[in-house]
Colleague: 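Below you'll find the structure I mean.
Whatever order the structure lists ligands and atoms in, that order sets their numbers, starting from 1.
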Amino acid sequence: MTLLQEAPPQTALNPIWIGNVYIETPLTLAPMAGQTNHAFRTMCREMGDCGLVCTELISSQAIHYKSKKTWHMFDWTKAERPFAVQLFGNDPAMMAEAAKLVVDHGADIVDVNMGCWVPKVVKKGGGAAMLNDICNATWVVEAIVKAVTVPVTVKVRSGIDPDHITAIEFAKIAEKSGVKAIAVHGRTADQGFTGSANWDIIRQVKEAVNIPVIGNGDVKNAADAAQMLSETGCDGVMIGRAALGNPWLFHEIAHEIRTGEALPKPTASERAAAAIRHAQLSVESSTIGERQTIYELRGQLTKYHLGVPGAASVREQLVFAESLADVEAILEPYL
Ligand SMILES: Cc1cc2nc3c(=O)[nH]c(=O)nc-3n(C[C@H](O)[C@H](O)[C@H](O)COP(=O)(O)O)c2cc1C
């Protein structure tokens, strides 16, 4: 008699290929508007084990009309490679045109946003609104795949609302259309960020397609990542909010999954140094001037919780910082 052995749960961090792009550690940084700019993406890559970074969503329409503000978002550098540039929009020709342009500017992967639920994006038929019109979403994806030579990926929510769960059906169509990986945020669009992500949808998508599936939603630590990998069988884990002010997270998770041992948490000094580095990188790569850059960065800097007495007052001071020198002066006592 042969005893059928159950396959061991998938908790290993196996490298993945997205088309011809090799991702050594399948832990990826989620695209986040106003957060995942050049400086933060670089920080996550530098700290190790962040296998892929992604820009925030960029409007294909704004690229078409050559909006100056959008050109500031073309801030990626080779040091971040491999990286994905995320586009949104619902016009196949415009999306294809934008995809070509970002690839000409060095993008390794073009990602299509089909999850953003903010009215500004949805009203224009982009982001999560695409989940309502699978037919047009397919045209968009096909047009981009045809237009560029780099891999095309999509990031979806599970559906528009609980009565319209489209991620599984669309994943199959996307695979047929030539998409090379799909990231699934296990919330419906109408949930925004409320409730919790339904990882079972990620499992269903994984079972439906042969391209890599990246699970997303509510992963905060190694235990969550390991649980998502084993419960859903997904090939990679995408992390958003928990990485903010915490670019070490990918390395911490990878180390713990690989060795079973948690790394010590970064010290206050390491956190202060990282916040300063974040500010320096931001100013170095800025096209909007130091003052404006620091204004826009204040929120991100306050996320580096120093975890020491007086940390609250550091945060209060950071929200008034006007220059890199101000940021350095506030944080240097903790180095
Ligand atoms: C501030 C913020 C901005 C975001 N911007 C984007 C975006 O530009 N494109 C996108 O696909 N998702 C965006 N998201 C969603 C995240 O990529 C991710 O799907 C979501 O935060 C769930 O993952 P998490 O639980 O690890 O944070 C954003 C989320 C946050 C918190």
Side-chain angles (χ1 to χ4, degrees), residues 26-38 40-41 44 50 52-60 62 69-70 73 75-76 83-90 95 98 102 109-122 124 126-131 137 140 152-159 167 170 179 181-199 201-202 205 213-225 227-229 232 234 236-247 249-250 252-253 296-300 302-303:
L27 297 175
T28 75
L29 175 65
M32 284 181 285
Q35 310 287 333
T36 55
N37 52 9
H38 164 72
F40 189 61
R41 296 190 304 262
C44 291
C50 178
L52 179 69
V53 293
C54 186
T55 66
E56 65 182 294
L57 79 178
I58 302 180
S59 160
S60 57
K69 208 174 154 210
T70 296
M73 291 178 177
D75 62 350
W76 48 83
F83 63 87
V85 174
Q86 190 185 62
L87 298 172
F88 79 91
N90 70 345
M95 286 289 273
V102 297
I109 291 174
V110 175
D111 184 59
V112 184
N113 180 309
M114 296 196 190
C116 185
W117 53 283
V118 301
K120 199 171 85 177
V121 172
V122 171
K124 290 185 185 155
M130 306 269 278
L131 302 171
V140 165
V152 176
T153 58
V154 291
K155 177 166 177 277
V156 297
R157 283 195 176 227
S158 52
F170 182 67
V179 160
I182 180 162
V184 183
H185 178 192
R187 281 188 176 80
T188 50
D190 72 339
Q191 266 185 284
F193 284 106
T194 61
S196 50
N198 177 357
W199 292 356
I201 303 290
I202 302 168
V205 171
V213 174
I214 319 270
N216 172 237
D218 301 345
V219 171
K220 293 179 283 304
N221 50 40
D224 294 341
Q227 190 183 342
M228 179 184 269
L229 286 164
T232 71
C234 65
V237 174
M238 176 181 275
I239 303 168
R241 290 165 296 173
L244 297 175
N246 199 10
L249 184 63
F250 303 91
E252 285 176 1
I253 291 179
E296 292 183 8
L297 195 65
R298 288 164 169 178
Q300 290 190 58
T302 59
K303 294 193 166 71

Colleague: Under the side-chain contact (heavy atoms from CB on, under 4.5 Å) rule, what do Val102 and Trp76 come out as? Steps first, then yes or no, please.
Modeller: CA-CA 10 Å; Val102 297; Trp76 48 83; 4.0 Å; yes

Colleague: Dump the intermediate steps for side-chain contact (heavy atoms from CB on, under 4.5 Å) on Arg41 and Thr55, then the final yes or no.
Modeller: CA-CA 8 Å; Arg41 296 190 304 262; Thr55 66; 3.7 Å; yes

Colleague: Measure the distances from the heavy atoms of Cys116 to every atom of ligand 1 and state whether one is below 4.0 angstrom.
Modeller: no

Colleague: Mind checking whether Arg241 contacts ligand 1 via backbone (N, CA, C, O), side chain (CB onward), both or neither, at a 4.0 Å heavy-atom cut-off?
Modeller: both

Colleague: Using side chain to side chain contact (heavy atoms under 4.5 Å, CB included) as the criterion, point out the one residue from Val156, Thr153, Ile214 that pairs with Ile182.
Modeller: Val156

Colleague: Just distances here: any N/O of Ala242 and N/O of ligand 1 closer than 3.5 Å?
Modeller: no

Colleague: Tell me which one of Lys220, Met32, His185 gets a heavy atom nearest to atom 30 (C) of ligand 1.
Modeller: Met32

Colleague: Show your working on side-chain contact (heavy atoms from CB on, under 4.5 Å) between Gln300 and Asn37 and close with a plain yes or no.
Modeller: CA-CA 11 Å; Gln300 290 190 58; Asn37 52 9; 3.8 Å; yes

Colleague: At a non-hydrogen distance cut-off of under 4.0 Å, which region of Asp218 contacts ligand 1 (side chain, backbone, both, or neither)?
Modeller: both

Colleague: Using heavy-atom distances, let me know which of Met114, Glu56, Gln86 sits nearest atom 9 (N) of ligand 1.
Modeller: Gln86

Colleague: Could you list the residues that satisfy salt bridge (Lys or Arg N to Asp or Glu O under 4.0 Å) with Asp190, not counting sequence neighbours?
Modeller: none

Colleague: Counting only heavy atoms, tell me which of Ala33, Pro31, Gly240 gets closest to atom 17 (O) of ligand 1.
Modeller: Pro31

Colleague: How long is the straight-line distance from CG of Asn216 back to OG of Ser158, given to the nearest 0.5 Å?
Modeller: 11.0 Å

Colleague: Is any side-chain heavy atom of Phe193 less than 4.5 Å from a side-chain heavy atom of His185?
Modeller: yes

Colleague: Counting from 1, what ligand 1 atoms have a heavy atom of Ala30 closer than 4.0 Å?
Modeller: 17 (O)

Colleague: If you apply the rule side-chain contact (heavy atoms from CB on, under 4.5 Å), what do you find for Phe83 with Cys54, and how did you get there?
Modeller: CA-CA 6 Å; Phe83 63 87; Cys54 186; over 6 Å; no

Colleague: Taking only residues two or more places apart in sequence, or in another chain, which ones meet Glu56 in a salt bridge (Lys or Arg N to Asp or Glu O under 4.0 Å)?
Modeller: none

Colleague: Is it the side chain (CB and beyond), the backbone, both or neither of Asn113 that lies under 4.0 Å from ligand 1, heavy atoms counted?
Modeller: side chain

Colleague: Which residue owns the protein heavy atom closest to atom 23 (O) of ligand 1, what's the atom, and how far is it?
Modeller: Asn216 ND2, 3.0 Å

Colleague: Give yes or no for whether the N/O distance cutoff of 3.5 Å, strictly under, is met between Ile239 and ligand 1.
Modeller: no

Colleague: Work out whether the distance between some heavy atom of Phe193 and some atom of ligand 1 is less than 4.0 Å.
Modeller: yes

Colleague: Where is the nearest protein heavy atom to atom 12 (N) of ligand 1: which residue, which atom, and how far?
Modeller: Lys155 NZ, 3.0 Å

